[in-house]
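First the proteins, then the strands, lettered A, B, ... as listed; each starts at 1.
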Amino acid sequence: MLAKTLRNPLFWLCLIGLALTSVLPLWVSGYILGLLTVAYYFGVFSMAWDLLFGFAGEVNFGPTFLIGLGAYTAGILNGHGIGIPLCLLAGTVAAVIGGLVLALPALRVRGPYFGLTTVVAVLILQNLIVVFADTTGGEIGLTVPDVISIDAATNYWIALGFMGVSGLVLYAIAVSPVGLILQASGQDPVEAGALGFNVAKHKLAAFCVSAVFSGLAGALFVFYMGTASVGTLIDVSVGVQVIIGAVLGGRRTIVGGVLGAVFLIAAGELLRPLGSLSTFVVSAAALAVILFVPAGLLGILTRQGRHA
Amino acid sequence: MTAIQILIDGFAISALYALGATGFTLIFGVSGVLNLSHGALMVTAAVVAWAASSELGLGSYAGAAAGIVVCTALTLATYGVVVRPIDKSRAIPPEEKEIFILTGTLLWGIMIQEFIAYLFTSNAKTVMPIVEGVVTIAGVRTPWNQVFTAVVCWAVIGLLWLLVNRTRTGKVLLAASMNPRGVTLLGFELSQIYVAIWLIYGVLAGIAGVLLGQFLGVSSYSVGPLTASAFSIVVLGGLGSVSGSLIAAYVVGYLETLTAYLVSPAYRTIPALLLLVAVMYVRPQGLLGRR
């Protein structure tokens with residue numbers, strides 16, 4: 001597998017990309033670094049989503065359920081005086097537990113039914129946060145006492161490193177035999193089952209891995225922002241952004257999610273002068289990509305992307 | 001007294017939910033498409049009706065008509081611009097068409113939502129009611145408009161039932177939902193059937209949107225929640241089953257009204273969502289759904 005990876009141009013492309021982006025703090029302003037930091041966290045969200053959709057074939061409309069569980073668990077515990085590392089761990093565990101509960105119906109239903117369950121999970125979480133406003137900060141948002149760092153470059157490097165490691169691990173899973181079984185189960189669950197693979201077990205495992213990275217990324221994101229709110233982390237529209245990022249970047253590519261997320265954040269920022277029309281233009285651009293280049297941005301760059 | 005009020009309020013809101021979800025379930029039943037821009041279509045109908053009746057001063061009838069016409073046109077555009085190209089695309093593998101249609105219609109819905117917010121701001125708008133005044137039913141003062149909404153919703157659903165079950169066009173539509181290839185073998189053009197069904201869907205969404213705008217008022221923020229509620233009603237009832245979604249609409253409508261009156265309006269939507277999750281665990285295909 002190692003030899004195969006070393007021969008893959010995509011691997012070298014990513015390595016060069018990482019090397020170039022890691023020296024960015026020497027050149028660009030803190031403002032751009034801040035934008036990219038956010039984009040990198042969204043990149044992890046998108047990559048984790050792609051493992052579930054692109055490989056296991058399950059449309060998770062509620063990535064923000066996992067992200068939100070991780071973020072709010074970490075944030076609330078931190079408010080009770082618990083240190084950042086433990087909070088990150090707790091947030092990850094909470095997301096995995098939540099993911100397991102959410103994935104249980106996934107073992108029985110497919111397609112739109114599963115998609116709906118995940119949307120409903122987001123809506124319930126959203127409602128609960130508003131109802132238990134004393135603990136969660138409700139609609140105003142949760143303020144977290146600790147932050148990882150106030151230095152833009154440090155935060156940037158942490159996000160970049162985290163994204164790099166996440167991408168590597170998720171990609172390794174995706175191209176491993178487990179990833180192939182997932183892909184087979186996603187395309188034809190009956191046949192994959194007939195070949196002797198436990199489809200449900202593999203999908204559950206994929207959901208847990210996706211939850212680990214979503215939850216951890218959500219928790220880290222909270223300690224970067226210093227706050228958590230329904231609108232920035234849990235809202236269905238945030239989930240839509242994660243999904244669009246993954247599809248734009250190129251589904252079944254894992255790393256494509258990063259491209260999509262950076263594109264979305266950058267486009268949203270560049271089009272800010274358009275005011276309320278900026279979201280319109282970004283959505284229209286994303287729709288155009290879906291209609292005309294369904295393989296996504298990475299699909300144009302490299303043919304390997306489609307088979308990765 | 002509260003009990004009767006809950007009965008009346010719940011009946012009207014449930015009728016509106018039922019009509020709002022009918023077109024959505026019809027499209028899924030016939031062509032297997034889940035249109036996530038559904039809420040945006042309904043909001044468009046309401047906002048256009050509001051703009052024509054109140055802002056341009058055309059009156060409530062012309063306003064309602066304008067809302068329905070624009071909504072129908074936009075629904076046909078949804079089919080022509082988003083759903084059909086994805087369906088016909090050779091670059092998208094068949095097993096992934098579903099997610100592309102979901103993502104595509106979602107983006108389309110966001111575009112409509114943002115465009116409405118740009119043109120008319122995101123403030124809530126209430127459409128000029130067609131009937132005014134109040135009536136006392138069993139001691140409860142009820143706006144005529146609420147009665148009117150319930151009557152129109154049920155009349156439209158009844159007409160749809162007649163159309164599907166008693167006319168030739170309806171029978172072709174029904175046949176297309178069961179066996180699309182068989183229908184083409186009988187010499188019917190499948191694309192024409194799809195256009196017809198999207199046309200009907202547009203009119204249904206338009207009427208539901210205008211009534212919603214009169215009854216509760218809408219803003220561009222309503223787009224997401226409206227799609228979500230239609231989606232959950234349809235899934236609760238069983239995807240593709242019109243009678244299932246009628247029952248589900250009443251279950252959800254009354255559950256929400258009961259919660260709002262007896263507990264607190266803040267918790268309004270929570271019990272219905274929990275019920276939905278419970279149903280998904282026990283009976284994933286919904287109340288009357290086929291697997």
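- Residues of residues 103-114 of chain B placed with any heavy atom under 4.5 Å of a heavy atom in chain A are listed by number as B:T103, B:G104, B:L106, B:L107, B:W108, B:I110, B:M111, B:E114.
- Heavy atoms closer than 4.5 Å to chain A are found in the side chain of B:L276, but not in its backbone.
- Considering only heavy-atom pairs separated by less than 4.5 Å from chain B, the leading option among A:I243, A:V240, A:V281 is A:V240.
- The side-chain heavy atoms of A:I181 and A:L195, taken from C-beta on, include no pair separated by under 4.5 Å.
- Side-chain contact between B:V33 and B:Y79: absent, with no pair of heavy atoms (C-beta onward) separated by less than 4.5 Å.
- Side-chain contact between A:L125 and A:I129 is present, with at least one heavy-atom pair separated by less than 4.5 Å.
- The shortest distance between side-chain heavy atoms of A:W49 and A:R251 does not fall below 4.5 Å.
- The side-chain heavy atoms of B:V70 and B:T44, taken from C-beta on, include a pair separated by under 4.5 Å.
- Taking OG1 of A:T64 as the start and CG of A:L66 as the end, the distance is 8.5 Å to the nearest 0.5 Å.
- At a 4.5 Å heavy-atom cutoff, the contact between A:L291 and chain B is made by side-chain atoms alone.
- With a 4.5 Å cut-off on non-hydrogen atoms, B:I101 does not touch chain A at all.
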Tell me which donor-acceptor pairs under 3.5 Å the side chains of residues 18-30 of chain B have, and how far apart each pair is, sequence neighbours excluded?
residue: B:T22; atom: OG1; partner: B:A18; partner atom: O; Å: 2.6
residue: B:T25; atom: OG1; partner: B:G240; partner atom: N; Å: 3.3

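- When side chains are defined from C-beta on, A:P294 counts as touching B:F100, because their heavy atoms get closer than 4.5 Å.
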